[in-house]
Amino acid sequence: MNIFRMLGDLSHLISIFILLHKMQTSKSCSGVSFKSQVLYLVVYVFRYLDLFTNPFMSYYNTLMKIVFIASSAYTIYLMSTVFKPTHDPAIDTFKIEYLLGGSLVMALLFPPKWTFMEISWAFSIWLESVAILPQLFMVQRTGEAETITTHYIFALGAYRALYIPNWIWRYMFDKKAKLETIAVVAGLAQTLLYSDFFYIYWTKVMKGKKFQLP
Amino acid sequence: AATPEGHDEL
């Protein structure tokens with residue numbers, strides 16, 4: 001554990017809190033992509049299958065995995081029941097079949113090992129790297145986003161971005177660490193997908209302006 | 001103790 005990974009995980013927790021807070025206080029999930037949320041649940045379920053099989057890592061790991069799966073399921077529950085009337089499927093139209101298919105192909109072509117668990121882990125890593133696309137696509141369609149929604153997207157993106165210095169740190173100082181090539185490549189790709197958003201967030205939202213596309 | 005197999009990040 002190093003400072004970058006700790007901040008990354010913290011950022012992930014904060015993103016969950018912001019999203020639930022936004023929905024609860026505004027009694028609405030407008031501007032939030034249901035499709036992205038479904039993809040994140042698929043990501044966590046497939047990645048954390050090892051809760052039931054692999055040797056126990058740490059209380060921290062187990063607790064965080066349960067929090068990520070549970071909060072993701074809860075978000076979907078809220079969006080499909082209480083706040084369903086505030087969701088507009090007409091602007092949430094990204095074709096997620098391609099993301100699911102592409103991630104599966106990548107996982108089948110380059111799994112860390114040829115086992116179901118390792119393929120499902122790789123699938124979840126690739127899928128996570130693109131799971132934000134329906135959300136970003138929705139922001140692009142409407143041309144703007146509520147400030148609180150942009151805080152959510154930023155915190156979620158910062159999680160993987162912070163893992164990049166974490167990997168460099170581990171590579172340099174943690175002799176026991178194995179380099180997870182798939183996670184590193186997918187993490188870099190994910191951060192690249194976010195770069196445009198990060199730029200606008202930094203130049204507009206951080207200066208108190210509304211998130212608006214040029 | 002043996003290092004557990006698997007992925008130790010989230």
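Chain identifiers are assigned alphabetically (A, B, ...) following the order of the sequence lines, protein sequences preceding nucleic acid strands; residue numbering begins at 1 within each chain. None of these values were measured; they are calculated from a predicted model.
Residue contact with chain B, scored on non-hydrogen atoms closer than 4.5 Å, involves the side chain of A:D9 exclusively. In this structure, the portion of A:Y48 lying under 4.5 Å from any heavy atom of chain B is its side chain and not its backbone.
Checked against the 6.0 Å centroid threshold, A:Y44 and A:H12 count as a close aromatic pair.
Residues A:W167 and B:E9 have side chains that bring a donor and an acceptor to within less than 3.5 angstrom of each other. Between the side chains of A:T93 and A:R141, a donor-acceptor pair is found at a separation under 3.5 Å.
At a heavy-atom separation below 4.5 angstrom, chain B is approached by no residue within residues 15-25 of chain A.
For the pair A:Q135 (side chain) and A:G31 (backbone), a donor-acceptor distance under 3.5 Å is present.
Shown here is A:F46, whose CZ atom has no more than 12 heavy atoms of other residues, nucleotides or ligands within 6.0 Å.
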What donor-acceptor contacts under 3.5 angstrom involve side-chain atoms of residues 95-105 of chain A, with partners at least two apart or in another chain?
from, atom 1, to, atom 2, distance (Å)
A:S103, OG, A:L99, O, 2.7
A:S103, OG, A:L127, N, 3.4

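In this structure, A:Y163 and A:Y159 have perpendicular ring planes: the angle between them is above 60°, well past the 30° mark.
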